[in-house]
Amino acid sequence: MRTHIITYGCQMNEYDTHLVRSELASIGAQFVDSPDEAEFVLLNTCAVRGKPVEKVRSVLGELRQEKQKRNLLIGMMGCLAQLEEGQQIARKFQVDVLLGPGAITEIGKAIESRSKFWDLTFKDRLTSHVPPAPRGQLSAFVSISRGCNHHCTYCIVPTTRGPEVSRPPDLILREIEAMKAAGVVEVMLLGQNVNSYGKDQPGYPSFAELLRMVGKVGIPRVKFTTSHPMNFSDDLVAAMAETPQVCEYIHLPVQSGSDRVLKRMAREYKRDWYLDRIKAIRQGIPDIVLSTDIIVGFPGETEEDFEQTLSLYDEVGYDQAYMFIYSARPGTPSYKHFEDLPRELKVERLQRLIEKQKEWSYRKNQNWVGKTVEVLVRGVAKENGYAEGHDRGNHPVLLPSSQVVGPGLYQAVIRQATPHLMFGEVAGAQAAATIPLVMA
Ligand code: 5AD
Ligand code: SF4
């Protein structure tokens, strides 16, 4: 069956797309680049905010029209597929196959019987599944746990992905070893909350211990996401500091700088706790690159609360931030209990926050000018004459294509920086890569 997959949302969804692709390949699917050529179009959906849900609706609208003209099978997986909201959308748009995020391994059965699976108990099978190593890829994701045991009041993820289930450490290590053999030079360990890895299973290592084990496999770069401040232990800081493969980069969502808002979000920590974690991190890993997630306009957020977020930003001095306008998601506690703020107010605060982020990113990126970084070049950049990649701190870096023979790791000196990009030059002659330099 000619198949086309469209993926929305987070890195976990990207990883799940990789999983489902390998399942589909094993039952004979061929992959095509456009939905027009496909007999089966599968949408891997996101439900974390309203926008990605709207996007899925509009694509499904187009597919339903297409379906009236020809034989077409439509599938929906991912977080939206797990929700009542998604199941209604599926009925409306004549979706044939529906798979919740825990039921990916059931794709073959679901296609055969045109059925719908969203039972999270399938997740146990999923966590013990080892997908084949990706081919021709230098950077790869590895899921180490699924689901989340926190209950942030704005977040739909605990509903769609269920409680946390850690994958057995030996399977994780086996997957990473296979990746190393396949030429992968960077792994990103994935979970809704990687720091609490192992807590759900007696006898499993802690995340800090797992990180040390992953380091020993010997892939040059190890990164992880997402972290929760509550579970960011001193031992984890120590493990990062003593494991050379672990990159000097942490994504540590703060969501708000106001204790009042943090409490309403049920984030479980206060501003001071968060700042103390940042202090411990900076002490252990002085050159750490920090990014965060921030929600603006959470219900009840006052001007003073928002100013607390701005001042926290200055106190931490983030390298990068992902900033979101609060989106009321049906099924979350904050949707039920709190009233949404006016849109204009939320947009105005977002703009002020973006200004702050740009200033800091510019300042932080400038600090790298003249320094040498390790760039993982992935392919040709959209900017003419450049190859694009990213360094250990996750900064996007452009290098002149003339100095790059192909994808791979390069030492480069940063020459120039903007708030979004760094421009470098390859330092001296370097080993050629084995894969030709093509569009990433
Ligand atoms: N509205 C806005 N942003 C949200 N996030 C999660 N749920 C919501 C929501 N309802 C953001 C958080 C989280 C990131 C992945 O998405 O900042 O860290
Ligand atoms: Fe959602 Fe909070 Fe869990 Fe992150 S930690 S997935 S924001 S509930």
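The basis for the numbers below is simple: all heavy atoms, side chains too, and nothing from hydrogens, waters or symmetry mates.
- N71 CG to E66 CD: the interatomic distance, rounded to the nearest 0.5 Å, is 11.5 Å.
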Q | Test side-chain contact (heavy atoms from CB on, under 4.5 Å) applied to L350 and M323, step by step | A | CA-CA 7 Å; L350 179 68; M323 299 155 286; 3.7 Å; yes

**Q.** side-chain contact (heavy atoms from CB on, under 4.5 Å) assessment of H228 paired with R267
**A.** CA-CA 9 Å; H228 194 293; R267 286 291 288 174; 3.7 Å; yes

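- A salt bridge links R161 with D16: the closest approach of a Lys/Arg side-chain nitrogen to an acidic carboxylate oxygen falls below 4.0 angstrom.
- When every heavy atom of G198 is checked against every heavy atom of S166, the shortest pair comes out as N-OG, 2.9 Å.
- The closest side-chain heavy-atom distance from T309 to R349 is not below 4.5 Å.
- We find the CE-CD distance between M1 and Q30 to be 10.5 Å, quoted to the nearest 0.5 Å.
- Residues S145 and F207 fail the side-chain proximity criterion, which asks for heavy atoms closer than 4.5 Å.
- For D33, the CG atom counts as loosely surrounded, since its 6.0 Å shell holds 12 or fewer non-hydrogen atoms of other residues, nucleotides or ligands.
- For F40, the CZ atom counts as densely surrounded, since its 6.0 Å shell holds more than 12 non-hydrogen atoms of other residues, nucleotides or ligands.
- Side-chain atoms of E186 do not come within 3.5 Å of backbone N or O of V222 as any donor-acceptor pair.
- Remark: K199 NZ is packed, more than 12 non-hydrogen atoms of other residues, nucleotides or ligands lying under 6.0 Å away.
- Residue L138 comes nearest to V377 through the heavy atom pair CD1-O, 3.8 Å, listed as atom of the first residue, atom of the second, then distance.
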Q | side-chain contact (heavy atoms from CB on, under 4.5 Å) between E383 and L421, intermediate numbers included | A | CA-CA 11 Å; E383 290 83 358; L421 269 179; 3.9 Å; yes

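- Between the side chain of S227 and the backbone N or O of N195, no donor-acceptor pair lies under 3.5 Å.
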(Q) For a side chain to side chain donor-acceptor pair (under 3.5 Å) check, start with the C-alpha distance between N231 and N193, then their side-chain angles and the critical distance, and finish with the verdict. (A) CA-CA 8 Å; N231 307 106; N193 175 14; 3.0 Å; yes

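- For the side-chain hydrogen bond (donor to acceptor under 3.5 Å, both in side chains) test, residues two or more places apart in sequence or in another chain that qualify with D96 are K67.
- Note that SG of C247 is 8.5 Å distant from CE of M240, once rounded to the nearest 0.5 Å.
- Checking side-chain atoms of R271 against main-chain N and O of G257 turns up a donor-acceptor pair under 3.5 Å.
- Qualifying side-chain contact (heavy atoms from CB on, under 4.5 Å) partners for V237, counting only residues two or more places apart in sequence or in other chains: F232, I281, I285.
- The backbone N or O of V254 lies less than 3.5 Å from a partner atom in the side chain of Y269, making a donor-acceptor pair.
- Counting heavy atoms from C-beta outward, M12 and Q192 have side chains that approach closer than 4.5 Å.
- Between D234 and R277 there is a salt bridge, with a side-chain nitrogen of the basic residue lying less than 4.0 Å from a carboxylate oxygen of the acidic one.
- A distance of 13.0 Å separates OG of S26 from CZ of R21, quoted to the nearest 0.5 Å.
- A salt bridge links R329 to E85: one of the charged nitrogens lies within less than 4.0 Å of a carboxylate oxygen.
- The pair E177-K180 does not count as a salt bridge, with every side-chain nitrogen at least 4.0 angstrom from each carboxylate oxygen.
- Counting only heavy atoms from C-beta outward, the side chains of T225 and L190 approach each other to under 4.5 Å.
- With a 6.0 Å radius and a threshold of 12 heavy atoms from other residues, nucleotides or ligands, F31 has its CZ atom above the threshold.
- When all heavy atoms of E388 and L398 are compared, the pair lying nearest together is CB-CD2, 3.6 Å.
- Both tests hold for R264 against F338: distance to the six-membered ring centre under 6.0 Å, angle to the ring axis within 45°.
- Between the R49 side chain and the S327 main chain, no donor and acceptor come within less than 3.5 Å of each other.
- In this structure, CD on E23 lies 8.5 Å from CD on E106, to the nearest 0.5 angstrom.
- In this structure, the side chain of Y197 engages the main chain of R167 through a donor-acceptor pair within 3.5 Å.
- E112 is not listed as a side-chain neighbour of I27, based on a closest heavy-atom distance of 4.5 Å or more.
- With W273 contributing its side chain and P229 its backbone, the two residues share a donor-acceptor pair below 3.5 Å.
- Ion pairing between E248 and R282 fails under the 4.0 Å rule for side-chain N and carboxylate O.
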Q | Verdict with supporting geometry, H18 and T7, side-chain contact (heavy atoms from CB on, under 4.5 Å) | A | CA-CA 10 Å; H18 168 67; T7 309; over 6 Å; no

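- A cation-pi arrangement is not found for R352 relative to F306, the charged atom failing to lie both closer than 6.0 Å to the ring centre and inside a 45° cone about the ring normal.
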Q: Could you give me the CA-CA distance, side-chain angles and deciding distance for E62 and K55, then say whether salt bridge (charged side-chain N to carboxylate O under 4.0 Å, His left out) is met?
A: CA-CA 11 Å; E62 286 163 28; K55 184 74 200 155; over 6 Å; no

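- In terms of modelled atom types and a separation under 3.5 Å, the side chain of D319 and the main chain of L290 share a donor-acceptor contact.
- Of the residues L99, N13, L43, T45, the one that meets the side-chain contact (heavy atoms from CB on, under 4.5 Å) test with M77 is L99.
- Nearest heavy-atom pair across T160 and C79 is OG1-SG, 3.0 Å.
- Note on ring orientation: taking the six-membered ring where Trp is involved, the planes of H251 and Y322 are perpendicular (angle over 60°, cut-offs 30° and 60°).
- With rounding to the nearest 0.5 angstrom, the NZ atom of K109 is 12.5 Å from the CD1 atom of I111.
- Between E164 and S196, the side chains place a donor N or O and an acceptor N or O closer than 3.5 Å (distance only, hydrogens not considered).
- Of all heavy-atom pairs between Y15 and S143, the closest is CE2-CB, 3.3 Å.
- For the side-chain contact (heavy atoms from CB on, under 4.5 Å) with L42, the qualifying choice from V97, L24, I6 is L24, the only one to do so.
- Looking at T302 and D305, their side chains do bring a donor and an acceptor atom within 3.5 Å of each other.
- Not a single donor-acceptor pair under 3.5 Å links the side chain of K223 to the backbone N or O of Y249.
- At most 12 heavy atoms of other shown residues, nucleotides or ligands fall within 6.0 angstrom of atom CD in E339.
- In this structure, S22 contributes its side chain and P132 its backbone to no donor-acceptor pair below 3.5 Å.
- The minimum heavy-atom distance linking T3 with A29 is given by the pair OG1-CB, 3.7 Å.
- In this structure the side chain of L173 never reaches within 4.5 angstrom of the side chain of K216, judged on heavy atoms.
- With a 4.5 Å cut-off on side-chain heavy atoms, Y274 and V316 count as touching.
- Side-chain contact annotation: Y154 with Q255, donor-acceptor N/O pair under 3.5 Å present.
- Within the 4.5 Å cutoff, no side-chain heavy atoms of N394 are placed close to those of V289.
- Within 6.0 Å of CZ in R135 there are 12 or fewer heavy atoms belonging to other residues, nucleotides or ligands.
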